[in-house]
2 protein chains.
Amino acid sequence: MQEAACNVNSCFLCSFCIPAWKEAIALHKKTYQFKKGEDIFREGDPVKGIYFIYTGSVKVYKQWGEQKQLILRFAKAGDILGHRGLGGVVEYPIGATALEDSKACFISNDFLEATLKTNHELTYKLMHFYATELQKAEMRMRDLAHMEVKGRVAEALLELRNIFGVNHDQHIAATITRQDIASYAGTTYETVFKFFNELAEEKIITTNGKSIKINDSDRLQQFSKKQS
Amino acid sequence: MQEAACNVNSCFLCSFCIPAWKEAIALHKKTYQFKKGEDIFREGDPVKGIYFIYTGSVKVYKQWGEQKQLILRFAKAGDILGHRGLGGVVEYPIGATALEDSKACFISNDFLEATLKTNHELTYKLMHFYATELQKAEMRMRDLAHMEVKGRVAEALLELRNIFGVNHDQHIAATITRQDIASYAGTTYETVFKFFNELAEEKIITTNGKSIKINDSDRLQQFSKKQS
DNA sequence: CGAGTCGTTGAAAGAATTCAACTTGTGTGG
DNA sequence: CCACACAAGTTGAATTCTTTCAACGACTCG
């Protein structure tokens, strides 16, 4: 990883902080560059601090055995990374890998913890942020437990469009493999592949090599509904 | 639900608060009594505040359709309840039902939010609490996605013993049905039932009507391991 | 041009749920 | 106290869904 310039205003952390602190953080942060596929940190690595994605996108995952992983979330410019390591935990409970070439600001735990002690507005906001993340996680837990595979893949597609948006020709603006979609939906590559074919035949989605376009959100959403 | 006395010291919230606040909270909290099976709040109810369990135990769940639910966690004396409703959310994203006759302290959101603004130590602790909960949720997400059913049920049993401990004859000290265990492990009643028989034959557990004794934690844990 | 990797596909195997039937237990009313 | 009805617990069989496996074709890189 390589150092690079960082616009402090783009950081999640900065976006709601008192101006005085913006100057402080500007002195303490470092910015790193990650190549596509490069690990930002791995599960089990010692926690050193917290990252803010400046450009690019990242997957956050948990490993299961050698081969399988569950992608917990996708993070893009402006998002926090590594905040799961807060609070006395010595090892990251999750791993993060760049999906495309990305830049990330790094703030050491020491500085962050010290800041949280004095900047209460930040602590409060961060608490709310965690609360929201927790809700999302629990929603997804339920989906993984009870929703069937097709529903989860459909959800994953809608979620991806939500997070990354679409580019000029309406394709989801994400650099993402079918394998990653499978890992996000908690299923296998083949299942995703076959379901995509099915969706393409029904013209619900269009796949163009790597990228995906959603033509009919409503019908896609039907798969997420509980069957009677 | 019925009002009852509450020892303020037993509240999670109080346990790490400045003494001055203990007095304040004593004036603002209310204590309610819930019968076994009674709902403390339901998914979709308007968020009014936060609860602390004083005695008894509670299941926190998310509904899926009419019949199915995923139990997110079991809470017992000293635990927080309803904190998922913090942060501008107008409806509880989860429901909570008493597993046995229970008492819970209630603190209104207004008072809590006001307190968080002034009692920064509390905010900080609460933030850490959320961070830990988030980690647990994500661990369980992975398990639900990739671990097979037997592993999840085995985990559930160990977790239950962890949370509720054992009574004099080594049985897990929890009032819990097989259906609830199934809902916690994200599976069906029948599957749990059959697996319990299997475990009992192997003498890994002993079931005595409602209550369960774990004889061989190691072998039980084997089910949670990734198969090669 | 050949090796190897990745994407694609169909068939088989396996796991879990669903369904339906049967048994046991519980409570109520005669 | 017994008989009956209803709910809860137990069980096996069948179905369904998903994964796994293996094979084939296309594409890329050396």
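Because the structure is a prediction, the values reported are computed rather than measured.
Using a 30° and 60° split on the angle between ring planes, B/His83 and B/Tyr130 fall in the tilted class, from 30° to 60°.
If you check residues 140-147 of chain A against DNA chain D, you find no residue with a heavy atom closer than 4.0 Å. Within residues 173-181 of chain A, no residue has a heavy atom under 4.0 Å from DNA chain C. Contacts of residues 186-207 of chain A with DNA chain C (heavy atom under 4.0 Å): A/Tyr189, A/Glu190, A/Phe193, A/Lys194, A/Asn197.
Under 4.0 Å is where a charged nitrogen must lie from a carboxylate oxygen, and between A/Lys62 and B/Glu138 no such pair does. Using a 4.0 Å cut-off between a side-chain N of Lys or Arg and a carboxylate O of Asp or Glu, A/Arg42 and A/Asp39 qualify as a salt bridge. In this structure, A/Lys136 pairs ionically with A/Glu133, as a charged nitrogen and a carboxylate oxygen lie closer than 4.0 Å. Remark: B/Arg219 engages B/Glu202 in a salt bridge, criterion side-chain N to carboxylate O under 4.0 Å.
A/Val149 places none of its side-chain heavy atoms less than 4.5 Å from the side chain of A/Val192.
The interatomic distance linking A/Lys68 (NZ) with D/dT18 (P) rounds to 14 Å, in whole Å.
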Next on the checklist: Within the 4.0 Å limit for protein heavy atoms, which parts of nucleotides 24-30 of chain D are touched? Write it as a string from 5' to 3', B for base, S for sugar-phosphate only, - for none.
Outcome noted: -------
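Evaluation of the side chain to side chain donor-acceptor pair (under 3.5 Å) rule for A/Lys59 yields A/Gln69, A/Asp180 as partners, not counting sequence neighbours.
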Checklist entry - How far apart are the C-alpha atoms of B/Ile40 and B/Thr97, what are their side-chain angles, what is the distance that settles it, and do they pass the side-chain contact (heavy atoms from CB on, under 4.5 Å) test? => result CA-CA 6 Å; B/Ile40 296 168; B/Thr97 303; over 6 Å; no
Next on the checklist: Quick one, A/His171 with A/Ile212, criterion side-chain contact (heavy atoms from CB on, under 4.5 Å). Give me CA distance, side-chain angles, the key distance, then yes/no.
Outcome noted: CA-CA 5 Å; A/His171 286 248; A/Ile212 301 151; 5.6 Å; no
Next on the checklist: With ring pair (Phe, Tyr, Trp, His ring centres under 6.0 Å) as the criterion, how do A/Phe223 and A/Phe195 come out once you've worked through the C-alpha distance, each side chain's angles and the decisive distance to 0.1 Å?
Outcome noted: CA-CA 11 Å; A/Phe223 288 97; A/Phe195 183 48; 5.1 Å; yes
Checklist entry - After noting the C-alpha distance and the side-chain angles of B/Ser224 and B/Arg152, does the key distance pass the side chain to side chain donor-acceptor pair (under 3.5 Å) rule? => result CA-CA 7 Å; B/Ser224 316; B/Arg152 299 205 303 264; over 6 Å; no
Checklist entry - Hey, mind stepping through B/Ile172 and B/Lys213 against side-chain contact (heavy atoms from CB on, under 4.5 Å) and telling me if it holds? => result CA-CA 6 Å; B/Ile172 293 172; B/Lys213 185 171 81 175; over 6 Å; no
Checklist entry - Under the side-chain contact (heavy atoms from CB on, under 4.5 Å) criterion, do B/Tyr51 and B/Ile80 qualify, and how do the steps go? => result CA-CA 6 Å; B/Tyr51 293 86; B/Ile80 308 191; over 6 Å; no
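Within the cation-pi definition used here (under 6.0 Å to the ring centroid, within 45° of the axis), B/Arg140 qualifies as a partner of B/Tyr184.
When DNA chain C is scanned in the 5' to 3' direction for atoms under 4.0 Å from non-hydrogen atoms of chain A, the outermost contacting nucleotides are C/dG7 to C/dA11.
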